[in-house]
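Have a look at the structure below, then the notes.
The sequence lines fix the lettering, A, B, ..., with proteins before strands; numbering per chain opens at 1.
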Amino acid sequence: MTDFLADLNEPQQKAVKAVDGAVLVIAGAGSGKTRVLTYRIAHLLNLGIDPFNILALTFTNKAAKEMKDRIAQLVGGSKAKSLWMGTFHSVFAKILRFEAEKIEYPSNFTIYDADDSKRLLKNIIKEQNLDDKIYNAGAVLSRISNAKNNLISAPEYNEDFEIQTYDAQSRKPKLGMIYSIYQQRLKKAAAMDFDDLLFNTNILLRDHADVLYKYQNKFKYILVDEYQDTNFSQYLIVKKLAANNENICVVGDDAQSIYAFRGANIQNILNFKSDYPEHKIFKLEQNYRSTKNIVNAANSVIANNKDQIKKVVWTDNESGEKIQLFKASSESEEAALIGSRIFELKKNNEFSDKDFAILYRTNYQSRALEEALRKLNIPYKIYGGVSFYQRKEIKDLLAYFRLVLNPSDETSFLRIINFPARGIGNTTLDRLVVAANENNSSIWEVAQKPAAFNVQLNSGIINRLNEFVLMIKSFKARANNHNAFEFGKMVAYQSGIIKFYNEDESPESVTRRENIEELISALKDFSEAPGDVEGENALRTIDVFLEEISLLTDSEPEKTDRDDVNRVSLMTMHAAKGLEFPVVFLAGMEENLFPSHMSLQSRTELEEERRLFYVALTRGMKKVFLSYAETRFRFGEFNFCEHSRFIDEIDEQFINVISGNINKPKDNSWLKESFSESRKQFKPINKISSAPSATQEDSDAGFVLLTAAQLRIDMVVQHQRFGIGKIKTIEGAGENAKASVVFNNFGQKQLLLKYAKLKILS
DNA sequence: AAAGCGGTACTTTTT
DNA sequence: GTACCGCTTT
């Protein structure tokens, strides 16, 4: 075998060779972090350590897959395959299935994604007759998620004085009750949400010393990537598993911590030193990825953060070009500018499509960019957003699979009982749900013999229910003796889904049909793929397929088309973490968009945004372009934007303004041009022209987001689009605070204070 | 019970 | 601007 260690610089080598004990690797952006991790694992294997004894935890599925591939190249595929490598969620889901009975779950439990969880919460909120505006399912889920990630169970949540006081003050006193019911229902449905996978792993390791001992011995060497993004729940799992051997290596960069909003805790990195007093620290500070200009620009930005571990990221690479900034009048012009720049850079064959990435803060920004790229015939691929497996038609078909494997799964049952329509409506379902809850049984049981649960239904409905039950049972009989492809195809036809989408030729139906076809072809690929470790004749069944995709929230089914490879990448800055591209465009560098308006209230949140900017900048290898638009459609409204404060934080010697001048007084002449275009999407501008208030110079000055507390009834305020008006009522608090305003020219409007910028006039 | 209409809320980031 | 919800009509 070749001495691959020679590929590494000194600190990298040291980090790889320090095999025993606790090791903390602080790895600056582009410093070869993945390389250290992969080489370290390869090194362990070369020392003769059994791959089954190595646990490597990553943050995304993509990272796990890439690392596995790279290790396979170094030490061969069979060893790489036997490694325990994956995301926290996928690794511990596997372990939980194996140990399920210890925590009183069946081993075929269903994993609910955020969408499933929200559906269940919505149902609960409705059943409890709570106002779904106060108890917004998404917000409730994030509160519950937060509790779980800090290992606060539902009973503990309800007993905690501080939490209860907080909820009461934010006018959501029933959150604890919802949390309790939610957990009961998940349990009854034999389902776990994403956070339960980690929470229940903690319970398993806490309450079963023998299990803990077993895995401590199994995982003699533990590696954790992106340690700065672990939450408390993950931290504790790792700590427990490592407690016996203390062969643990964590790799991270506090400057790239961008998931605090989801419970990640930078403290975990800082705690490492006290948790393992005998630890060794290695700092990787040489950047191999980017030009001097990019590295220095990023350093000048991150220097504005107060909370950080000191390190100096530097590079030996060429100076390169300055970062280029351009200004556009609208998001479509911004997109067109980016597109034409890509076009130019491709012309002299220095770059091809795959070398470009366009990164943005929010998913909805992708639309304008897509349009521009399509117009220029530039092939692109969007990562993230509404992923393939989140699409309605796909989730519908998957719900059939899930219900067949786990008939207790309430959310899947409700999703498909009447899709395609089979004459079982809400009245019937409400009765079934009530009976199920009263008798503490699943809807599936009630549906099989409604009379036994005192549910009165007419004979027509009973027949239709019965047909549905028989259909699912007939599917069930075929789930284990057919491969996933044969099974899935059969379900797609017999459930009526294919027929449903064949019935009309609307573009929407056609797309959905194509997606179903794509899922079936993914099933085919899956069924024909060689089985894992077992015998070659082992049938690749639907349950294995479901397990494989239930934690894939980010990807499309694998495609092998050659033209799929050379494309411009579009994704959020979050999704770009860990990736690199020769040319990077950061679009939408505007206040309130980036940094997000949600993060302007606190320093810690603003610093997280700044770290995100740091991550985004350091994705670039050769060239980085920043752009912003002076106007943007948001929430169906036309908004004026200011350039992001982050632009000003880049030391000016590293940045170059291409078009326009960000400090020059606002030039609104482009507005007039837009009027004459009279394009549909610019209609709101015409409205502005008729509103006397908005045509004045600097019309975007002074409009700010206000809270309910700052407003009074009868106050006169100005809105960018609706002009001057008087406040009539103010209701709600916090997120949902609304004001009803009577405008002189537009009548009465309900404004959500979260979004509507106002200027107080008197 | 299903389909079609109109009103409302919504957009931070993801396993 | 869209997705979803609830209401109305058939």
Side-chain angles (χ1 to χ4, degrees), chain A residues 57-64 86-93 111-115 117-119 122 126 132-133 136-139 141-142 145 148-149 193-198 226 229-231 233-234 257-264 359-368 383-387 390 392 418-429 458 460-461 464 550-555 571-577 588 592-600 605 608-609 611-612 615-616 632-638 680-681 683-684 735-736 738 750-752 754-756:
Chain A
L57 296 166
T58 62
F59 195 68
T60 63
N61 296 300
K62 206 172 174 184
T87 61
F88 275 86
H89 292 84
S90 67
V91 165
F92 295 113
I111 297 170
Y112 276 10
D113 67 16
D115 179 74
S117 299
K118 273 188 225 163
R119 274 169 183 264
K122 247 181 219 166
K126 211 191 228 167
D132 61 359
K133 272 145 209 132
N136 165 284
L141 179 62
S142 89
S145 166
K148 285 184 184 173
N149 286 330
D193 67 14
F194 281 151
D195 305 309
D196 283 336
L197 295 172
L198 305 175
E226 308 282 12
D229 285 326
T230 52
N231 59 38
S233 185
Q234 293 165 324
S257 159
I258 53 176
Y259 285 100
F261 73 93
R262 206 175 89 185
L359 310 181
Y360 34 80
R361 180 63 179 77
T362 63
N363 279 305
Y364 83 96
Q365 288 170 257
S366 68
R367 186 183 303 175
Y383 293 84
V386 181
S387 86
Q390 313 271 80
K392 183 201 171 297
N418 203 28
F419 179 80
R422 45 178 74 90
I424 302 167
N426 286 330
T427 329
T428 309
L429 288 179
N458 68 45
I461 299 225
R464 278 169 274 177
S550 59
L551 291 163
L552 280 191
T553 49
D554 57 343
S555 62
M571 67 186 90
T572 63
M573 298 176 188
H574 281 87
K577 193 168 77 155
N592 295 317
L593 180 58
F594 189 38
S596 155
H597 63 278
M598 307 293 292
S599 67
L600 300 178
E605 284 178 72
E608 175 146 316
E609 295 281 302
R611 290 192 296 269
L612 182 59
V615 168
R632 190 176 288 276
F633 275 104
R634 248 187 134 176
F635 321 122
E637 253 189 41
F638 174 76
K680 268 199 307 231
Q681 68 203 73
K683 265 199 185 128
E735 291 245 292
N736 296 311
K738 270 191 270 189
Q750 290 274 326
L751 301 177
L752 204 53
K754 201 168 140 191
Y755 304 116

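The side chain of A/R262 lies closest to B/dT15 when the candidates are B/dT13, B/dT15, B/dA1. Picking from B/dT11, B/dA1, B/dT15 the nucleotide with the shortest atom distance to the side chain of A/T428 gives B/dA1. Picking from B/dT15, C/dG1, B/dC10 the nucleotide with the shortest atom distance to the side chain of A/F194 gives B/dT15. The side chain of A/T362 sits closest to B/dT13 out of B/dT15, C/dT2, B/dT13. Distance from the side chain of A/K133 is smallest to B/dA9 among B/dA9, B/dA1, B/dC10. Taking the side chain of A/D132 as heavy atoms from C-beta on, and the options B/dT15, C/dT2, C/dG6, the nearest nucleotide is C/dG6. Side chain of A/I461, nearest nucleotide from B/dA1, B/dT15, B/dA2: B/dA1.
C/dG6 and B/dT11 have their C1' atoms separated by 23 Å, given to the nearest Å. Between the P atoms of C/dC4 and B/dT13, the separation comes to 15 Å (whole Å).
Note on A/F59: only backbone sugar-phosphate atoms sit closer than 4.0 angstrom, heavy atoms only; bases stay farther off. Counting non-hydrogen atoms under 4.0 angstrom, A/N418 reaches the backbone sugars and phosphates but no base. Here A/Y259 lies in heavy-atom contact (under 4.0 Å) with sugar-phosphate atoms only. When heavy atoms are screened at a 4.0 angstrom cut-off, A/T427 is found touching the sugar-phosphate backbone but no base atom.
Along DNA chain B, the nucleotide nearest A/E605 and the nucleotide nearest A/H89 are compared for position; the residue whose nucleotide lies closer to the 5' end is A/E605. Projected onto DNA chain B by closest heavy-atom contact, A/A114 and A/R634 fall at different nucleotides, the more 5' of which corresponds to A/R634.
Going from atom NZ of A/K577 over to atom P of B/dT14 covers 11 Å, rounded to whole Å. C/dA3 atom P lies 16 Å from atom OH of A/Y364, rounded to whole Å. The separation between A/H574 atom NE2 and B/dT14 atom P is 7 Å, rounded to whole Å. Atom-to-atom, NZ of A/K118 to C1' of B/dC10 comes out at 11 Å; the value is rounded to the nearest Å. Straight-line distance from the CG atom of A/L141 to the P atom of B/dT14: 15 Å, rounded to whole Å. Taking atom CD of residue A/Q390 and atom P of nucleotide B/dT14, one finds them 11 Å apart after rounding to whole Å. A straight line from NZ of A/K392 to P of C/dA3 spans 13 Å, rounded to a whole angstrom. A/F633 places its CZ atom 14 Å from the C1' atom of C/dT2, with the value rounded to the nearest Å.
Residue A/S596 places none of its side-chain N or O atoms closer than 4.0 Å to OP1 or OP2 of B/dT13. Distances shown here put every side-chain N or O of A/N426 at or beyond 4.0 Å from the OP1 or OP2 atom of B/dA1. A/N136 has a side-chain polar atom (N or O) that falls below the 4.0 Å cut-off from OP1 or OP2 of B/dC10.
The CZ atom of A/F594 lies 9.0 Å from the OG atom of A/S599; values are rounded to the nearest 0.5 Å. Here A/T230 contributes atom OG1 and A/L57 contributes atom CG; the two are 10.0 Å apart, rounded to the nearest 0.5 Å.
Judged by distance alone, the side chains of A/R119 and A/Y112 never bring a donor and an acceptor atom under 3.5 Å apart.
Taking a cutoff of 4.0 Å between a charged side-chain nitrogen and a carboxylate oxygen, A/K148 and A/D196 qualify as a salt bridge.
Under the stacking definition used here (centres under 5.5 Å, planes under 30°), the residue A/F261 qualifies as stacked on the base of B/dT13.
Under a 3.5 Å cut-off, the side chain of A/N592 and the backbone N or O of A/S596 do not form any donor-acceptor pair.
Taking the ring axis of A/Y259 as reference, the NZ or CZ atom of A/K577 does not stay both within 45° of it and closer than 6.0 Å to the ring centre.
In terms of heavy-atom proximity, A/S117 sits nearest to A/D193 at OG-CB, 3.5 Å.
As the counterpart of C/dT2, B/dA9 is assigned, both hydrogen-bonding distances of the Watson-Crick or G-U wobble pattern falling under 3.5 Å.
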